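Positions are given from 1, in the same order as the sequence printed here. These numbers come from the heavy atoms of this one structure, side chains and all, not from hydrogens, waters or symmetry mates. Small disclaimer: the values here were computed from a predicted structure and weren't measured.
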Amino acid sequence: VIGPLGGLLVLVVLLALLSPDFLTANNLLNVGVQASVVAVLAFGMTFVIVSGGIDLSVGSVAGLAGIVTGWAVAGAGLPLWLAVLVGLASGAVAGLVSGVLITAGRVPPFIATLAMLSVGRGLALVIADGRPITVDGWLTSVGSGELFGVLPYPVLVMVAIGLITAFVLRRTYPGRAMYAIGGNAEAARLSGIKVTRQRLLIYALSGLFAAVAGVLLTARLA
């Protein structure tokens, strides 16, 4: 932990010395907006890594969720709020499928999520027919707007997802089970934790968080 944190602090100090504008509020908020999508993906990935797994599909699942959201509005004519829910559901389902492959199919996580990476990317291409899908309405305001004209909505989403992640890991049974499974899955099973069920939940959460990142990216790009 000290190594990456120390490197980050050195980088911040160096950039602050090179540019007097780096540590200004506007620039830091801009950095937050640029990092928001990747940060939300990372929060979802945290569940998987803590439990000793790996998920290579989050980027493609994010893209799939964004495409599904746009198609649900432009192609299926759904209300925007319902289209967002459909997009989020698509990510959760993709994660759940990976979880089923890993638990019931006994496929190694690396292989299962690598397959989902290709499937998600291919489905997104098929649904969009290789063309951009335009989205407008309040969703684009989430991507580019600011609360009270100060705090960008993507940063607020990032902070909210980070707090939810911390709460799940520190204060809930599934969160503690993730640590136990990551430490020793067999010991966790013998202590009464339903490892298969928890792994399904873990990958579904990873897919859901990836979908949140995908919808957020869609909101930014319109």
Side-chain angles (χ1 to χ4, degrees), residues 30 32-45 47-48 53-102 104-105 107-145 152-158 160-161 200-222:
N30 182 54
V33 170
Q34 302 302 320
S36 58
V37 172
V38 176
V40 173
L41 286 173
F43 290 138
M45 182 73 79
F47 298 131
V48 180
I54 189 172
D55 190 351
L56 303 178
S57 67
V58 290
S60 292
V61 171
L64 175 62
I67 291 294
V68 168
T69 301
W71 171 85
V73 175
L78 297 179
L80 190 51
W81 66 269
L82 184 56
V84 169
L85 292 180
V86 171
L88 295 178
S90 69
V93 169
L96 188 61
V97 170
S98 295
V100 170
L101 289 174
I102 293 166
V107 179
F110 186 94
I111 302 300
T113 57
L114 182 63
M116 182 53 67
L117 180 153
S118 298
V119 170
R121 185 177 299 175
L123 281 176
L125 184 62
V126 169
I127 293 171
D129 196 25
R131 303 173 182 175
I133 300 176
T134 301
V135 178
D136 54 16
W138 58 264
L139 186 60
T140 57
S141 299
V142 172
S144 59
Y153 288 119
V155 174
L156 294 177
V157 172
M158 177 180 67
I161 295 296
L200 290 174
L201 175 63
I202 289 165
Y203 281 93
L205 282 174
S206 178
L208 177 61
F209 278 42
V212 172
V215 172
L216 185 60
L217 182 60
T218 299
R220 289 189 57 205
L221 299 177

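Val61 and Gly207 get closest at one heavy-atom pair: CG1-O, 3.8 Å. Residues Val142 and Pro154 come closest through the heavy atom pair O-CD, 3.3 Å. For the pair Ala83 and Val73, the tightest heavy-atom approach, listed with the atom from each and the gap, is CB-CG2, 3.3 Å. Nearest approach of Ala65 to Gly87, heavy atoms of both residues: CB-O, 3.4 Å. Of all heavy-atom pairs between Met116 and Ala94, the closest is CE-O, 3.5 Å. Taking each heavy atom of Arg220 and Val33 in turn, the nearest pair found is NH1-O, 3.5 Å.
The closest donor-acceptor contact from the side chain of Ser57 to the backbone of Leu117 lies at 3.5 Å or more, if one exists at all. A side-chain donor-acceptor contact under 3.5 Å links Thr113 to the backbone of Pro109. Side chain of Ser206 to backbone of Ile202: no donor-acceptor contact under 3.5 angstrom is found.
Val157 is linked by a side chain to side chain contact (heavy atoms under 4.5 Å, CB included) to Ile161, Val212, Leu216, counting only residues two or more places apart in sequence or in another chain. Residues meeting the side chain to side chain contact (heavy atoms under 4.5 Å, CB included) test with Pro79, sequence neighbours left out: Trp81, Leu82. Remark: Ala92 engages Leu208 in a side chain to side chain contact (heavy atoms under 4.5 Å, CB included) (not counting sequence neighbours). In this structure, Ser98 has no side chain to side chain donor-acceptor pair (under 3.5 Å) partners at least two apart in sequence or on a different chain. Residues passing the side chain to side chain contact (heavy atoms under 4.5 Å, CB included) test with Leu114, sequence neighbours excluded: Leu56, Phe110.
Put simply, CD1 on Ile67 and CZ on Arg121 are 13.0 Å apart, with the number rounded to the nearest 0.5 Å. Asp55 CG to Leu205 CG: the interatomic distance, rounded to the nearest 0.5 Å, is 11.5 Å. Taken to the nearest 0.5 Å, the CH2 atom of Trp71 stands 11.0 Å off from the OG1 atom of Thr69. To the nearest 0.5 Å, the span separating CD1 on Ile133 from OG1 on Thr218 amounts to 9.0 Å. Gln34 contributes atom CD, which lies 7.5 Å from atom OG of Ser36 (distance to the nearest 0.5 angstrom).
When side chains are defined from C-beta on, Val215 counts as touching Leu139, because their heavy atoms get closer than 4.5 Å.
For residues 203-222, the pairs satisfying ring pair (Phe, Tyr, Trp, His ring centres under 6.0 Å) are Phe47-Phe209, with sequence neighbours left out.
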Set out, in order, the CA-CA distance, both residues' side-chain angles and the distance that settles side chain to side chain contact (heavy atoms under 4.5 Å, CB included) for Val119 and Val97, then state yes or no. CA-CA 11 Å; Val119 170; Val97 170; over 6 Å; no
What do the steps show when you test Val135 against Leu80 for side chain to side chain contact (heavy atoms under 4.5 Å, CB included), and what is the final call? CA-CA 9 Å; Val135 178; Leu80 190 51; 4.2 Å; yes
